[in-house]
Visitor: 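Please read through the structure below; I'll follow up with questions.
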There are 2 protein chains.
Amino acid sequence: MTVDAHLLRTFVAVARLGSFSAAAAELQYTQAAVSQQIAALEADLKVQLLRRRPVEPTEAGTRLLEHAVPILLRMDAARSDVIRMTAPPAARLIVAMTPLAAVISPALATLAQLRTRMPRLDVTVRAVSRAEAAEATARGDADLGLTDGLAAPSDPLPALAPLSAVGVAEAVVAVILPAGHPLAPRGSAGLQLSDLADARWIDAPGVAPELADLRRAAGTEGFRPAFRYAGTDVLTLLRLAAEGHGLTVAPFGTPLPTNLPGIAGVTAVPVSAPRLVHRVELIHGTLPAGSPAALFAAMLA
Amino acid sequence: MTVDAHLLRTFVAVARLGSFSAAAAELQYTQAAVSQQIAALEADLKVQLLRRRPVEPTEAGTRLLEHAVPILLRMDAARSDVIRMTAPPAARLIVAMTPLAAVISPALATLAQLRTRMPRLDVTVRAVSRAEAAEATARGDADLGLTDGLAAPSDPLPALAPLSAVGVAEAVVAVILPAGHPLAPRGSAGLQLSDLADARWIDAPGVAPELADLRRAAGTEGFRPAFRYAGTDVLTLLRLAAEGHGLTVAPFGTPLPTNLPGIAGVTAVPVSAPRLVHRVELIHGTLPAGSPAALFAAMLA
DNA sequence: GGACATTACGTGTTACGTAAAAATG
DNA sequence: CATTTTTACGTAACACGTAATGTCC
């Protein structure tokens, strides 16, 4: 009655990478093995899960993905959770942070306070993409995750199944505009999010909020990417915006290093989007009482 | 990196049954196989999960159980969810109901309405224990589940990972007292839940709300079971209460068949327990639009 | 034709059952 | 001493790799 978790994992990899061979490389299998695994899964469920060439999930496959991802996340969480019980209490803290979360949340300042209270604590901050944060925390590669993203103000925090999420900061959404951009003058005059749907956007899943969230909030098909930045560097993203490659959003209040070459003149203009805020969330599994991670979480909340 | 779901399933069975051999019988394995599976799991996680003789989970095992149960539930849900996508739209409705939910919720009346609107619909109501309801719904053995239980009034509905839960009825908690019970006269005079902590209680996990919930709400160690009823029959439970075997709770408003022999004289006295209500919840997975299940859920909400 | 997925086939691992031993209450 | 779990061992299934075949841009 159980679906083999192993098969689920390769299915997720294939779906994510859009390729059997790429998934095989990532998972250290041969293509043939991956092909057989997918075939086995499809045979087990008696449904086609992937369309080939191009490789993309069918409707049933999409549905399965919605289950598989949280299941695998939770399996990782279960393992690290149980194993951690035997491990000696760590005098170590690893925080996985999304770049914007690091910039705009009080986390780094709080971390400094923590270090004065626990001077010998071994602290590591790992920069991760939004997608990696939950995974790293679930796997136990990080004790805590700190992510940023767009959400409806009234949205409950996302139920990351095994993980808890607590909001630590919220900000108005702002658009980053290059110097002299025609929209810049409207400034605080209440720029509407929907006005920007047809602009050229930068898709930067590693750093910026998801364009899909903008679409959802605006209820349009706009916000189409004209440029894709695959990195995780805030300065690079700002530079791209400054050079006019496209628009991007950031939490209003993000400090802009306008004294840097190529970034000068960039402005962040708050956007009127009643159904949208930028929120920073702290995610974590079970925090051993008295652990540095628990202390840090308490200080941040 | 994944723990074998197969091993998880037998681990859960062993923990639940408190026996390797019993689990083997249930899962159609030999004892030896179960022993090896548990050994494999413990070796994989490098932690002892079960103490033997008597067989009970260690601390790490308990932690693993907290993950394993939802994981397996979700795996079942994933399978039935995906498979259902290929199946033809069912002209069939299976509802898994907890006994008290059937008695006090408007569900059966609503079901009657539904049948007048869809006369040819094949309807089945399955009586289940509280524990079975979610499982049956997740597996797809039932289209909908209807459970009752105690909750804090402000409690969010429990996040059953893959399943949605929506409250359909709430009632004050009442104690069932036999005729002439000394507490009966206090009647509406505001009986306190905490007054009853030291009484003798009937533990009837198949029918009555969990005593553990009472303990949690009262913040005491009381509400200790003096009698255990393993069945799922409301009348039997009432009879036991009437005969003075112990106390039990029920939602205030539960119709009492006081004209039946052995039950006459029983009264339900509302209990003042500010942090506690009896709530009936409808649980379901993805409901295909237009399906009988979706229609029923809409009528009930 | 080239990149990519599928099928065929051989092999090593593993996961089970049978049976015997150990352990515990 | 009886019950229950563990260990030993043989076998059968299976999951993977290699290699050949098929298929789509």
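Sequence lines set the chain letters: A, B, ... in the order given, protein chains first and strands last, and positions in each chain run from 1.
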Visitor: If you assign Ser19(B) and Gln31(A) each to the DNA chain D nucleotide with the nearest heavy atom, which residue ends up on the more 5' nucleotide?
Guide: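 Here Ser19(B) is the residue nearer the 5' end.
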Visitor: Of the listed nucleotides (dT6(C), dT5(D), dC16(D)), which one gets closest to any side-chain atom of His6(A)?
Guide: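 Minimum distance to the His6(A) side chain belongs to dC16(D).
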Visitor: Measure CD/Gln48(A) against P/dA5(C) and give the value in whole Å, please.
Guide: 14 Å
Visitor: Could you check which of dC16(C), dA5(C), dT5(D) has an atom nearest any side-chain atom of Gln36(B)?
Guide: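 That would be dC16(C).
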Visitor: Taking Thr2(B) for the side chain and Leu72(A) for the main chain, is one N or O donor matched with an acceptor at less than 3.5 Å?
Guide: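 Not a single qualifying donor-acceptor pair exists.
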Visitor: Using atom CG of Asp4(B) as one end and atom P of dT13(C) as the other, report the distance to the nearest whole Å.
Guide: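 For the pair Asp4(B) CG and dT13(C) P, the rounded distance is 19 Å.
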Visitor: Where each residue is assigned the nucleotide of DNA chain D containing its nearest heavy atom, which of Arg52(A) and Gln37(A) is assigned the position nearer the 5′ end?
Guide: Gln37(A)
Visitor: Using a 4.0 Å heavy-atom cut-off across all strands, classify Val34(A) as base, sugar-phosphate, or nothing.
Guide: nothing
Visitor: For Ile38(A) and dC16(D), what is the distance between atoms CD1 and P respectively, to the nearest whole Å?
Guide: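 Nearest whole value for this atom pair: 11 Å.
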Visitor: Within the 4.0 Å heavy-atom criterion, would you say Ala33(A) contacts the bases, only the backbone, or no part of the nucleic acid?
Guide: sugar-phosphate
Visitor: Side chain of Tyr29(B), heavy atoms from C-beta onward: which of dG17(C), dT6(D), dT5(D) has the nearest atom to it?
Guide: dG17(C)
Visitor: Describe, in one word, how the ring planes of Tyr29(A) and His6(A) are oriented to each other, choosing from parallel (under 30°), tilted (30 to 60°) and perpendicular (over 60°).
Guide: perpendicular
Visitor: What contact category does Ser21(B) fall into here, base, sugar-phosphate, or nothing, at under 4.0 angstrom with non-hydrogen atoms?
Guide: sugar-phosphate
Visitor: Which whole-number value in Å describes the distance from Leu17(B) CG to dT5(D) C1'?
Guide: 16 Å
Visitor: When you get a sec, tell me which of dT5(D), dT6(C), dG17(C) is the closest nucleotide to the side chain of Phe20(A)?
Guide: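 Nucleotide nearest to Phe20(A)'s side chain: dT6(C).
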Visitor: Between Glu42(B) (CD) and dT5(D) (C1'), how many Å, whole number?
Guide: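 To the nearest whole Å, that distance equals 12 Å.
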Visitor: Any salt bridge between Arg239(B) and Asp233(B), counting N to O under 4.0 Å?
Guide: no
Visitor: Going by heavy atoms in the side chains, are Val82(B) and Leu49(A) under 4.5 Å from each other?
Guide: yes
Visitor: Tell me: CG of Leu7(A) to P of dA15(D), nearest whole Å?
Guide: 8 Å
Visitor: To the nearest Å, how far apart are Gln28(A) CD and dA15(D) C1'?
Guide: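 Computing the Gln28(A):CD to dA15(D):C1' distance gives 17 Å.
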Visitor: If you compare all heavy atoms of Ala241(B) against all heavy atoms of Ile202(B), which two are closest, and at what distance to 0.1 Å?
Guide: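 Closest approach of Ala241(B) to Ile202(B), heavy atoms only: N-CD1, 3.9 Å.
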Visitor: Whole Å only: how far is the CG atom of Leu41(A) from the P atom of dC16(D)?
Guide: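 Taking CG of Leu41(A) and P of dC16(D), I get 13 Å after rounding.
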Visitor: Of the candidate nucleotides dT18(C), dT7(C), dA5(C), which contains the atom at the shortest distance from the side chain of Ala32(B)?
Guide: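 The closest nucleotide is dT18(C).
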